[in-house]
Engineer: 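Got a structure for you, questions after.
All of these numbers come straight from a predicted model, not from anything done at the bench. Numbers here are sequence positions counted from 1. Note that ligands are numbered from 1 as they come in the structure, with each ligand's atoms numbered from 1 the same way.
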Amino acid sequence: MEINKLTISALHEGFLKKDFSALEVAKKYLEQIQAKDKDISAFLTITEDLALSQAKEVDKLISEKKEIPVLAGVPCAVKDNILVEGIKCTAGSKILENYTAPYDATVIKKLKREGAVILGKTNLDEFAMGSSTENSAFKITKNPCDLSRVPGGSSGGSAAAVAAEECCYALGSDTNGSIRAPASFCGIVGFKPTYGAVSRYGLIAFGSSLDQIGPLTKTVEDAKIIFDVISGKDELDSTSVKPKASNFKCQVSDIRIGIPKEYFIKGIDPDVEAAVKKAINLIEKEGAKVEEISLPHTKYALAVYYIIAPAEASANLARYDGIKYGLSKNKKDDLLDVYLESRGKGFGPEVKRRIILGTYSLSSGYYDAYYKKAQQVRGLIKKDFEEAFKKIDLIFSPVCPTPAFKIGEKIKDPFSMYLTDILTSAASLAGLPGISVPCGKSQNLPIGLHIFGNCFEDNKILETASFIERLISL
Ligand code: GLN
């Protein structure tokens with residue numbers, strides 16, 4: 001039996017049947033990290049002691065014949081912008097290189113309560129800004145399907161760790177595609193819940209009106225298991241909400257699927273388009289109703305995102321001034337020098353670009369022309385979806401216009417990098433939940449199908465994704 005290939009429920013059953021212990025499973029994964037991560041570079045920190053002690057606790061429960069939750073003993077990895085108490089948390093940035101998390105993020109508290117085994121922290125684009133994980137200040141993560149290519153970003157470390165079987169599942173964060181895009185590039189499942197469905201407490205902030213934590217997994221079933229554990233209202237995050245009770249069961253003949261014509265345009269790789277259309281045909285043959293829809297303000301979504309996200313980032317990143325956290329340079333000189341030196345040496349080029357963009361669009365004189373206008377157009381984008389969801393349940397599209405690109409191909413041209421996010425921007429701005437499910441390949445490179453739906457219809461997406469995952473595997 002290949003332990004590293006097992007899903008969450010298969011591991012759970014194995015523990016109950018005593019096929020293996022939690023300690024054995026944790027060690028298997030740590031060995032896999034040892035063997036593979038030299039090439040993949042998915043991890044920034046490996047928390048071997050923590051993992052082994054957590055696994056031993058689970059084994060103790062099993063030996064005492066106590067009931068164990070489904071996640072108990074299942075090894076996971078955590079994106080390095082989510083706080084795990086006592087463990088370094090860098091957000092992929094020099095400015096937090098020596099920062100140790102003083103508390104657990106709410107999602108981590110919840111996972112720990114379920115007996116999770118935490119193997120380590122994964123690489124990311126600095127402060128989650130990027131689409132390739134090349135913006136990390138520490139290393140470039142490689143795509144396990146082809147080491148000359150990027151794993152996608154910004155949760156590229158988490159996606160690569162799952163795809164390389166270095167962990168059973170991972171947590172990532174998605175501001176505009178950062179869970180779904182790397183999942184699609186690495187051939188795994190990535191689920192971005194509705195904005196507010198999962199607490200952001202303990203997630204290092206990037207764009208606070210967009211950020212959302214979610215799972216990267218081998219299967220849709222695993223994504224649902226994690227979502228059920230980490231979602232829910234949290235007093236420590238005022239934007240989190242209690243989930244709607246859902247007993248949605250996928251009756252395929254009742255599902256109405258919208259195919260937005262704005263998402264199948266010039267620039268989409270022909271293999272990507274063909275794989276997504278094939279998946280749509282499969283579900284249509286099973287009885288789902290498929291119709292073309294129009295989301296007319298889609299064309300503004302990328303531009304709106306790249307005004308709003310940097311604006312929020314510039315406010316959030318003001319706290320890294322060399323006084324409160326991490327890197328503090330030039331302590332002897334005057335205060336302004338401390339700020340300038342710390343921020344100048346601590347932030348990488350993409351983060352500086354975002355801060356400059358953000359402060360510009362928030363400055364008086366430009367606020368109305370850029371930031372306010374962007375918020376107004378965001379409203380129109382949301383309205384497009386509200387109209388669409390009056391007649392359809394879910395929307396299908398590609399996650400990214402192309403499969404994984406080569407390392408170095410786009411890093412010198414920020415605009416072409418930003419274009420990677422073109423198909424996830426509108427849904428992210430509207431706070432919608434969405435999932436990437438593997439739906440085919442272009443040569444060796446995986447392609448992701450994006451299924452997204454109305455706010456708080458997370459379960460409808462997960463049920464349908466699970467149905468289509470089965471269809472595709474047949
Ligand atoms: N690629 C997008 C950006 O660079 C989104 C990143 C994310 O979702 N965290 O802003």
Engineer: Kindly state each residue pair satisfying ring-ring contact (aromatic ring centres under 6.0 Å, His included) with at least one member in residues 203-230, sequence neighbours excluded.
Structural biologist: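 As it turns out, the ring-ring contact (aromatic ring centres under 6.0 Å, His included) pairs with a partner in residues 203-230, which skip direct neighbours, are F191-F227.
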Engineer: Listing by chain and number, which residues have a heavy atom under 4.0 Å from ligand 1?
Structural biologist: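 Residue list for ligand 1: A128, M129, G130, S131, S154, D174, T175, N176, G177, S178, F206, Y305, Y306, R354, D421.
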Engineer: Could you list all the side chain to side chain donor-acceptor pair (under 3.5 Å) pairs where at least one residue sits in residues 131-154, not counting sequence neighbours?
Structural biologist: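 Side chain to side chain donor-acceptor pair (under 3.5 Å) check on residues 131-154 returns K79-S154, N123-S136, N123-T141, S131-D421, S132-E134, D146-S148, D146-R149, S148-K406, S154-S178.
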Engineer: Could R353 and E350 be called an ion pair, given the rule that one side-chain N must be under 4.0 Å from one carboxylate O?
Structural biologist: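 Looking at R353 and E350, the cut-off is met.
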Engineer: Before giving the answer on side-chain hydrogen bond (donor to acceptor under 3.5 Å, both in side chains), spell out for S428 and R180 the whole-Å C-alpha distance, their side-chain angles and the decisive distance to 0.1 Å.
Structural biologist: CA-CA 11 Å; S428 302; R180 293 159 286 173; 3.0 Å; yes
Engineer: State which residues pass salt bridge (charged side-chain N to carboxylate O under 4.0 Å, His left out) with R343; sequence neighbours excluded, sorted by chain then number.
Structural biologist: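 For R343, no residue satisfies salt bridge (charged side-chain N to carboxylate O under 4.0 Å, His left out) once neighbours in sequence are set aside.
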Engineer: Are D222 and T217 close enough, and set up right, to give a side-chain hydrogen bond (donor to acceptor under 3.5 Å, both in side chains), and what steps lead you there?
Structural biologist: CA-CA 6 Å; D222 283 2; T217 54; 5.6 Å; no
